[in-house]
Amino acid sequence: NLVAHFETHVAPTLADDNARAALKTFIEAIRERMEIAVHIEYADHTAVLYIGRPGSDGHYLTIFKDITPMHREAKRLERTARSDPLTQVLNRAGLQERLETAIAQQQPFAILALDLDKFKEINDTFGHTFGDRLLQEVAALMTGLVRKSDTIARMGGDEFMMILSEVNALADLHVLGAKIISAFQQPFRLENQDLMVTTSVGMAIYPLDGTDVDTLVKKADIAMYEAKKMGRNTYRLYGEIPDAGLSSDDPGSTRPPSES
């Protein structure tokens with residue numbers, strides 16, 4: 001029964017005299033159907049449970065620690081580790097995690113690499129603070145173009161990536177590609193001036209173009225570079241690039257770091 005369980009299994013585990021005394025009072029009260037007094041004091045996220053007979057000081061049985069603040073802080077640090085502090089979208093680590101999850105689900109999806117055209121010239125002309133504000137506006141624009149189930153991440157500099165879930169046909173990607181390019185035809189309003197900025201987009205599809213994170217990211221980047229070679233301000237699908245299979249094995253075929 002309950003009393004035997006407490007005496008046999010719980011009491012021996014209590015190292016504190018007060019806790020053992022409180023448990024003894026609790027057991028005796030149950031056995032003899034005596035009245036007991038229970039009191040809880042709460043302060044500084046800690047609750048102390050006291051058990052004793054009415055009129056006595058009682059003994060504490062256990063202490064409960066409210067870990068809600070610590071849990072919230074851990075969650076905050078976890079979000080910080082996976083988000084880009086400038087744009088508040090995911091960072092490279094966050095994208096990696098989302099890609100691994102998407103691959104594990106074994107459902108078709110697309111990964112898009114987006115790079116702002118001639119962003120270095122914007123930074124050189126207007127300064128890095130202006131460039132940072134532009135990146136924030138770009139992240140907000142892209143967030144508005146996709147569903148909540150999709151993912152946006154900033155890889156660094158002016159390069160972003162997106163994960164588009166539930167891809168049912170290539171036509172869906174062409175629609176999205178055209179939608180993104182069209183959205184960038186509207187000027188960004190920054191510091192009381194209109195700034196025209198375009199983007200080049202590359203797309204790769206799971207599992208058609210790859211089944212692991214590195215391959216998919218690489219092929220999306222290759223497709224984006226092909227869009228830049230076509231004159232920028234456009235999109236390309238990796239699978240529609242002539243001789244794409246050959247270029248994907250060439251380490252020098254990806255976009256040079258200085259390319260914009």
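Side chains are part of it too, since the values below use all heavy atoms of this structure and drop only hydrogens, waters and symmetry mates.
Residue M161 is not grouped with residue I181 when hydrophobic side chains (ILVMFWY) are merged at heavy-atom distances under 4.5 angstrom, including chains of intermediate members. No path of Ile, Leu, Val, Met, Phe, Trp and Tyr side chains, each step under 4.5 Å between heavy atoms, connects F160 with V213, placing them in separate hydrophobic clusters. Transitive grouping of hydrophobic side chains (ILVMFWY, heavy atoms separated by less than 4.5 Å) keeps Y238 and L99 in distinct clusters. Under the 4.5 Å side-chain heavy-atom criterion for ILVMFWY residues, no single connected hydrophobic cluster contains both L176 and F109. When hydrophobic clusters are built by joining Ile, Leu, Val, Met, Phe, Trp and Tyr residues whose side-chain heavy atoms come closer than 4.5 Å, directly or via intermediates, L141 is grouped together with F119.
Taking 4.5 Å as the limit, every side-chain heavy atom of E159 sits out of range of all side-chain heavy atoms of L114. At least one side-chain heavy atom of I241 sits less than 4.5 Å from a side-chain heavy atom of R236. Contact annotation: the side chain of D214 never approaches that of L216 to less than 4.5 Å [non-hydrogen atoms, C-beta and beyond]. Side-chain contact between L116 and I122 is absent, with no heavy-atom pair separated by less than 4.5 Å. The shortest side-chain heavy-atom distance between M196 and F184 does not fall under the 4.5 Å cut-off. In this structure the side chain of L95 never reaches within 4.5 angstrom of the side chain of N91, judged on heavy atoms. Contact check for I103 versus T211: no side-chain heavy atoms found under the 4.5 Å cut-off. Y235 places none of its side-chain heavy atoms less than 4.5 Å from the side chain of M224.
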Point to revise | Residue pair D84, L90: steps toward the side chain to side chain contact (heavy atoms under 4.5 Å, CB included) verdict | key: CA-CA 5 Å; D84 174 54; L90 292 180; over 6 Å; no
Review point. Taking it one step at a time, do K179 and L145 satisfy side chain to side chain contact (heavy atoms under 4.5 Å, CB included)?
Key: CA-CA 8 Å; K179 184 179 179 181; L145 293 176; 4.0 Å; yes
Exercise for review: Walk me through it: do H174 and E240 pass the test side chain to side chain contact (heavy atoms under 4.5 Å, CB included)?
Suggested key: CA-CA 11 Å; H174 283 286; E240 296 179 354; 2.9 Å; yes
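No option in R98, E100, R92 other than E100 meets the side chain to side chain donor-acceptor pair (under 3.5 Å) test with Q96. The side-chain contact (heavy atoms from CB on, under 4.5 Å) test with L112 singles out one residue from I163, I180, L237, and that residue is I180.
For K229, the salt bridge (Lys or Arg N to Asp or Glu O under 4.0 Å) partners two or more places apart in sequence, or in a different chain, are E226. Remark: D194 pairs with R189 by the salt bridge (Lys or Arg N to Asp or Glu O under 4.0 Å) rule, at least two apart or across chains.
Looking at D117, its side chain does come within 3.5 Å of a backbone N or O of N233 through a donor-acceptor pair. No donor-acceptor distance shorter than 3.5 angstrom exists from the side chain of K219 to the backbone of A204, with no hydrogens or angles considered.
For the residue pair M203 and L173, the shortest heavy atom distance occurs at CE-O, 3.4 Å.
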Mind listing the side-chain donor-acceptor pairs of residues 123-140 below 3.5 Å, one per line with the distance, residues two or more places apart or on another chain?
| unit_1 | atom_1 | unit_2 | atom_2 | d |
| --- | --- | --- | --- | --- |
| D124 | OD2 | K120 | NZ | 3.0 |
| T125 | OG1 | E121 | O | 2.8 |
| Q136 | NE2 | L86 | O | 3.1 |

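With hydrogens and angles left out, the side-chain atoms of S200 and D115 include no donor and acceptor closer than 3.5 Å. A side-chain donor-acceptor contact under 3.5 Å links S165 and D150.
Comment: R82 engages E97 in a salt bridge, judged by a side-chain N to carboxylate O separation of less than 4.0 angstrom. In summary, K218 and D221 do not engage in a salt bridge, as defined by a charged side-chain N under 4.0 Å from a carboxylate O.
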